[in-house]
Amino acid sequence: QLSSTFYSSSCPSVFTTVRSAVSSALQSDPRAGAKLLRLFFHDCFAQGCDGSVLLDDTPTFTGEKTAVPNANSLGGFDVIDSIKASLEISCPKTVSCADIVSIAARDGVVLAGGPTWNVELGRRDSTTASFSQASNLPGPQLTASQLINVFQAQGLNTNDLVALSGAHTFGKAQCNRFQSRLFNFNNSGAPDPSLDASLLSTLQSICPTASTTLVDLDQGTPVTFDSQYYKNLQLKRGLLTSDQTLANSTLTSRVVNTFTSQSAFFNQFTKSMIKMGKLGVLTGTQGQIRSKCGAINSS
Ligand code: HEM
Ligand SMILES: [Ca+2]
């Protein structure tokens, strides 16, 4: 029961406010859009798209930020906080943090050259978070069949999985997320055979150890939102095991091939984003509209 016109009368400036904030964040951080897109994914997969990922820990509350997939990894909180501060001036107590994340994710895609779509709105913010669900976000070592299962548990199918993984067309990953592929893959004494030799030697020199050094997820067009990601997979140039497996497994390889067509990818990506954006949403009088995205309202 979300709607793209949800704020048409209550906060008509919401789209321009978010767009200009994301655009200005990109001036100082070329990864800002990628961070915001990932933030949306991590919000939706833990307890639904309810802003739970934004809640800070307190002495009596454990949120999602310290879960392994998020800790020292997730970003974009500063951009969301500054958008929220602007909107509390123009449209007080009106726009949920969960909706801000969903619009900012779309704008991060658009401003990197990706497709646009009408974001469906009307989500409300949670008063709780789920450390355990955040901890169960899919890890970079998963195989295609494991990824299919994780997505299926959220009501997302194989097309959604492959299309949404295309988000790795921009942004970066730390060496420690994939370094196990480079020297002694699965205790074989050799690197992952499904990794292109020239990319392997590049990565071996950047990542001699499982460090926090950052590497482009898409070595072809690292800051553009395009279908290069799928072409990389066909060339054994996927960075994470969870990327490369999509081309290696017969469960997903045909879909990977389809998405080398940019129009086919963009078309499915927008549909899958709208679908992911509906996971576990709070609407109507459920939850609340937070005044600050990092904390539940005190009264
Ligand atoms: C299919 C399962 C997925 C796995 C296993 C996965 C895993 C990862 C990992 C390990 C990183 C690097 C984190 C770090 O090094 O700190 C990453 C980055 C990223 N992920 Fe995913 N991801 C998945 C799906 C998605 C989806 C569905 C989206 C969004 C629709 C997404 C968007 C991103 C983006 C944009 C980045 C780069 C963020 C940045 O530069 O800060 N990922 N992902
Ligand atoms: Ca959530």
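Hydrogens, waters and symmetry mates are skipped; everything else that's a heavy atom, side chains included, is used. Order of listing sets the numbers, starting from 1, for every ligand and every atom in it.
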If you count the atoms of ligand 1 from 1 in the order shown, which ones are under 4.0 Å from a heavy atom of [X]?
| X | answer |
| --- | --- |
| S73 | 13 (C), 14 (C), 16 (O) |
| Q174 | 14 (C), 15 (O), 16 (O) |
| K172 | 12 (C), 37 (C), 39 (C), 40 (O) |
| P140 | 5 (C), 10 (C) |
| G171 | 37 (C), 40 (O) |
| A173 | 12 (C), 15 (O) |
| S165 | 1 (C) |
| F151 | 1 (C) |

Any donor-acceptor pair under 3.5 Å from [X] side chain to [Y] backbone:
| X | Y | value |
| --- | --- | --- |
| Q179 | C207 | yes |
| K35 | G171 | no |
| Q47 | Q133 | no |
| E88 | K93 | yes |

Pairwise side-chain contact, S194 with R181, heavy-atom cut-off 4.5 Å (strictly under):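 In short, these two side chains touch, coming nearer than 4.5 Å.
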
Sub-4.5 Å side-chain heavy-atom contact between L182 and L195: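 L182 reaches L195 side chain to side chain.
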
Top protein contact for [atom], by heavy-atom distance:
| atom | result |
| --- | --- |
| atom 19 (C) of ligand 1 | R38 CD, 3.2 Å |
| atom 29 (C) of ligand 1 | A167 CB, 3.4 Å |
| atom 25 (C) of ligand 1 | F41 CE2, 3.3 Å |
| atom 35 (C) of ligand 1 | A34 O, 3.2 Å |

F131 six-ring face occupied by K65 cation (under 6.0 Å, within 45°): no

Is it true that N186 and S188 share a donor-acceptor pair across their side chains at a distance under 3.5 Å? no

Any side-chain donor near an acceptor of the partner, N70 and S73, under 3.5 Å: no

What I want to know is whether R31 and ligand 1 share at least one N or O pair that is separated by under 3.5 angstrom.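 Looking only at distances, the answer is yes, because the N/O contact criterion of under 3.5 Å is met.
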
Does the N or O separation between N72 and ligand 1 drop below 3.5 Å for any pair? no

Candidate list D50, T283, D99, test side chain to side chain donor-acceptor pair (under 3.5 Å), partner R123, passing option: D99

K275 and side chain to side chain donor-acceptor pair (under 3.5 Å): which single residue from T270, D160, N159 fits?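 Single side chain to side chain donor-acceptor pair (under 3.5 Å) partner of K275 among T270, D160, N159: D160.
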
Backbone, side chain, both or neither: what part of L147 comes under 4.0 angstrom of ligand 1, heavy atoms only?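 The answer is the side chain.
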
Is it the side chain, the backbone, both or neither of P138 that has a heavy atom closer than 4.0 Å to ligand 1?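 The answer is both.
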
With under 30° as parallel and over 60° as perpendicular, where do the rings of F259 and F265 fit, or are they tilted in between? tilted

Using 3.0 Å as the threshold, say whether any N, O or S atom from [X] sits that close to the Ca ion (ligand 2).
| X | answer |
| --- | --- |
| D50 | yes |
| A46 | yes |
| G48 | yes |

For ligand 1, is [X] a contact, meaning one of its heavy atoms is under 4.0 Å away?
| X | answer |
| --- | --- |
| F40 | no |
| L217 | yes |
| G75 | no |

What's the spacing between D56 CG and T66 OG1 if we round to 0.5 Å?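 Here the rounded value is 10.5 Å.
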
Indicate, with yes or no, if the rings of Y7 and F15 have centres closer together than 6.0 Å. no

Can you check whether F45 and F40 have ring centres sitting under 6.0 Å from each other? no

Considering only heavy atoms, which of [options] lies nearest to [atom]?
| atom | options | result |
| --- | --- | --- |
| atom 21 (Fe) of ligand 1 | R177, H168, Q141 | H168 |
| atom 5 (C) of ligand 1 | G139, C175, P222 | G139 |
| atom 8 (C) of ligand 1 | L240, D29, L164, V223 | L240 |

Angle, OG of S52 through the Ca ion (ligand 2) to O of D43 - 10° precision: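 With the Ca ion (ligand 2) as the vertex, O (D43) and OG (S52) sit 140° apart.
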
